[in-house]
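No hydrogens, no waters, no symmetry mates; every other heavy atom, side chains included, goes into these values. Counting convention: from 1, in listed order, for ligands and their atoms alike. The chain is numbered in sequence order, starting from 1.
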Amino acid sequence: MVDPIASYSQFKKRSDSPKIYQDARDILNHVGFFEGTEKLLEVWLESEPDDPLVENIEENIHVDNEAVTSKSADRSIWPSLRLISEEEWNHILKHYAKCTVLSVISNDKIDAYILSESSLIVFDNKFILKTCGTTTPLAALQPILTFARERCKLSVVKDVFYSRRGYTDPFAQVSPHRSFDEEVKYLSGLFGSASAYILGRLNGDPWYLYTVDNYVKNQQADQTLEILMTSLPSEIMSHFILAVHGTAEEMCEAVGIKSLFPTFIFDLKAFDPCGFSLNGIKGQFYVNCHVTPQTECSYLSLETNWPEKDYTEIVKKLVTTFNPGNVLLTLFVNQSSICPNSILGVKEDDILGYKRVDKQYCEFSNSYNVTLLTITKPSFKL
Ligand SMILES: C[S@@+](CC[C@H](N)C(=O)[O-])C[C@H]1O[C@@H](n2cnc3c(N)ncnc32)[C@H](O)[C@@H]1O
C-alpha cells in the first residue's frame, strides 16, 4: 500500500496553494463529526396477480411516453422499478430522505446511484436505499411505494428489511429516526405488525433489524454481506483525503478495493475535503463501499450481494487492508443461496489478530437467516 503521508508531502511540494493544515493527520482531526452509520432499507415488490394493467403494460408504456426514459425503454422485464428515472429518484430523495443523486451507472439488471449520503441500488423488483448522516430514508418510503404502484405497477410489498447499527450520535437524528422504537412504529404504520429485533450487545454495539416476516419463501437465491468498521487508523484513513490523492480513482488504487471485485464496473466519488463512496455492479450483483475518515468518527462500510460459499477470505482481506479496531458484520442468506446457512459463512478464527466478541444467528419464516458477528482487536474497548 502507498504511504499516504508521503503522498501528502509530495502533494504539498507540487502545490502552490497555501495549506491550513500541516499534514494529513491534522485534516482528519479538524474536519469535524459526521455520522457514517447508515440506515439500510431493502424492499422487494411484485405486481398484483392478474392485474390487467400489468398484462397490457407494454401498451401502457407506449401510451405514456413521458414516463419512459430511453434508458428503460428497451427492458424486456415489466413491470420494473427501473422505470423511475434519475430525476424522479433525485426529487423523492431530496424532498423526503434529505440527500441527492450524484451519479449513476447501469447494466441490464441494476441502476446503481451514488448519493450525497451513500447509495441507492435499483433492480426490477427491489430497491436498496442506504443513507448515512441525518438523512430520513423512511420518510421517502411512502412516495417510493406510490411511484412503484402507479408508475411501475408494482403494488405488492413482498419483503422489507430495515437495519442499522447504533448511531454514534443518536441525538442528532431527526424524526422518524430518533430511536429504533420510532423507526419500528413508522414502518409498522406502513406494513402492519412485523418483527423487530436487536442483536449484538445493548451495552456495546447493538444492531437493529425490522423485517416483514411474511412466511412467503423467496425462491430466488439471495445473500447480503455487510461489513461495518470503526476505529480505523489515521495512516489508512489518510488515503481518503482529497488533498492526498487528488481523485477517487487514486484513493481506490491506493487501498486496492477494486481488486476484491475484479470484473465489476465501478462508479467512484471523492468528497472534499475527505470521504469516499464506491458503487460496483456486475450482472445482478452489486457492491458499495463508503468511508468517513475523520479520526473522531472513522467509519467504513462495505455491502455486497456477491455470492460466495464462504466469505472468510473477503473479510480477511478487508480487515487486513483497513485494520479497524472494531468490525460488525452481518450475513443474510436464503435457502437458495450457495451459502444457505449464514453461521457457516465467515470463520472468525481465521481472522488473525482479532477476537470474537459476539456471534448470533436468527432464522426467519421467509427462508432467510442472518448471522451477526462482532470482532475486535484485543486492545479495543467496546
Ligand atoms: C463518503 S460519505 C458516506 C458515508 C458513509 N455512510 C460511511 O461509510 O461513512 C461521508 C464522508 O464524506 C464527507 N463529506 C464531504 N462532503 C460531504 C457531503 N456533501 N455529503 C456527505 N458527506 C460529505 C463526510 O465528512 C464523511 O467523511
Proximity of [X] to ligand 1 by residue part, where a heavy atom lies under 4.0 Å:
{"X": "Phe276", "result": "backbone"}
{"X": "Glu117", "result": "side chain"}
{"X": "Val291", "result": "backbone"}
{"X": "Gln294", "result": "side chain"}
{"X": "His290", "result": "both"}

Counting only heavy atoms not in [X], do more than 12 sit closer than 6.0 Å to its [atom1] atom?
{"X": "Glu296", "atom1": "CD", "result": "yes"}
{"X": "Phe147", "atom1": "CZ", "result": "yes"}
{"X": "Lys317", "atom1": "NZ", "result": "no"}

For [atom], closest protein heavy-atom neighbour:
{"atom": "atom 21 (C) of ligand 1", "value": "Ser116 O, 3.1 Å"}
{"atom": "atom 26 (C) of ligand 1", "value": "Thr292 OG1, 3.5 Å"}
{"atom": "atom 17 (C) of ligand 1", "value": "Phe271 CD2, 3.4 Å"}

Margin query: Taking Glu249 first and then Lys258, would you say they form a salt bridge - that is, a charged N and a carboxylate O separated by under 4.0 Å?
Written below: yes
Next item on the list: Identify, by atom number and element, the atoms of ligand 1 in contact range of Ser301, meaning under 4.0 Å from any of its heavy atoms.
Entry: 8 (O)
Check: Which atoms of ligand 1 sit under 4.0 Å from any heavy atom of Glu38?
Finding: 5 (C), 6 (N), 7 (C), 8 (O)
Notebook entry, point to check: Without hydrogens or angle criteria, can the side chains of Asn366 and Asp159 be said to hold a donor-acceptor pair below 3.5 Å?
Noted result: yes
Check: Are Asp222 and Asn305 close enough that a side-chain donor and a side-chain acceptor fall under 3.5 Å?
Finding: no
Check: Once the angle between the rings of Phe276 and Phe240 is folded into 0 to 90°, is it parallel (under 30°), tilted (30 to 60°) or perpendicular (over 60°)?
Finding: tilted
Checklist line | Heavy-atom side-chain contact between Leu278 and Asn288 under 4.5 Å | finding: no
Checklist line | Exam field: side chain Thr376 to backbone Pro378, donor-acceptor pair closer than 3.5 Å | finding: no
Next item on the list: Would you check whether Ser277 reaches within less than 4.0 Å of ligand 1, judged by its heavy atoms?
Entry: yes
Next item on the list: Tell me, please: is Asp272 in heavy-atom contact with ligand 1, that is, under 4.0 Å?
Entry: yes
Check: So, is Pro273 polar-close to ligand 1, with some N/O to N/O distance under 3.5 Å?
Finding: no
Notebook entry, point to check: Which option, Ser119, Cys132, Cys274, owns the non-hydrogen atom nearest atom 4 (C) of ligand 1?
Noted result: Cys132
